[in-house]
Amino acid sequence: MLQQIKNLILDMDGVLWRGETPMPGLNHFFDTLRRRDINFVLATNNATQTAVQYTGKLARFGVTVPPSQIVTSAEATADYLRDEYAPGTAVYVVGEPGLHQALQAREFVICGAQEVRDGLVPALVVVGFNRHADYPLLAMAALAIHKGARFVGTNPDVTFPSEIGLMPGAGSLLAFLQTATDVQPTIVGKPGPIMFRQALKRLGGTTANTAMVGDRLNTDIAGAKAAGLRAILVLSGITQPEDIPANGAGPDWIFADISALAQVL
Ligand SMILES: [Mg+2]
């Protein structure tokens with residue numbers, strides 16, 4: 001069954017590295033993919049860093065992956081919106097540089113809080129993780145959504161782990177705005193189907209010959225299965241063996257880590 005897989009969508013944190021530490025066998029894993037002619041893209045819900053920054057991180061670990069093979073939820077959001085809106089469309093952004101750059105690169109025009117306060121209604125309000133979001137920034141997002149701007153979120157992650165414990169993530173900002181406006185956002189990142197479709201498109205793959213490799217059951221694995229893809233769980237990240245459902249709703253394959261996966265590819 002694994003022999004049918006010609007394309008892999010790879011989650012990054014918990015799969016390729018943990019924080020700033022590469023997984024053992026990282027180089028060998030990518031060598032194996034290239035030797036076996038298995039295409040891959042890297043896909044992350046993290047919208048704060050650009051594909052170029054991830055290429056740099058991988059280069060520090062001795063692995064060459066061009067930005068064209070890296071899909072962040074910021075890039076996936078910008079690609080998705082690019083297909084639906086004309087160049088020059090006004091967008092209000094609650095996000096970090098990765099999201100701003102992805103939207104600007106696709107010719108969206110980013111408007112500021114003062115312009116919204118002065119009466120401009122952007123076509124879109126796009127919200128990603130933002131460590132500097134304050135009330136004035138969020139209030140103008142809510143105002144624009146109230147006035148009819150479409151509400152879009154990069155990813156639904158409510159929390160993310162830090163050295164001192166769980167911190168509020170993009171999903172918490174989305175919840176704030178959803179409560180304030182009573183409007184539900186379109187969410188691009190995992191486990192929603194949009195990012196998986198974007199990754200499939202970049203790979204030129206089909207649901208039959210493409211598998212997701214991830215460490216989170218509720219995003220990587222559940223999302224892949226919902227999108228019709230095969231799912232490979234690695235136990236090198238957030239998921240412990242006892243978390244795996246016994247009812248068969250979980251991953252198609254389970255490996256300790258990418259080194260164990262490389263042995264059967
Ligand atoms: Mg992960």
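The figures here come from the full heavy-atom set of this structure, side chains too, leaving out hydrogens, waters and symmetry mates. Numbering of ligands and ligand atoms starts at 1, following listing order.
The Mg ion (ligand 1) has D11 among its coordinating residues (N/O/S atom, backbone or side chain, under 2.8 Å).
Closest approach of T48 to F129, counting heavy atoms only: CG2-CD2, 3.4 Å. Of all the heavy atoms in S236 and V15, the pair that sits closest is OG-CA, 4.2 Å.
Within D215, the N/O/S atom positioned nearest the Mg ion (ligand 1) carries the name OD1. Distances from the Mg ion (ligand 1) to each N, O or S atom of D13 single out O as the nearest.
Using modelled atom types, no side-chain atom of R202 and backbone atom of Q198 make a donor-acceptor pair closer than 3.5 Å.
With a 6.0 Å radius and a threshold of 12 heavy atoms from other residues, nucleotides or ligands, E84 has its CD atom above the threshold.
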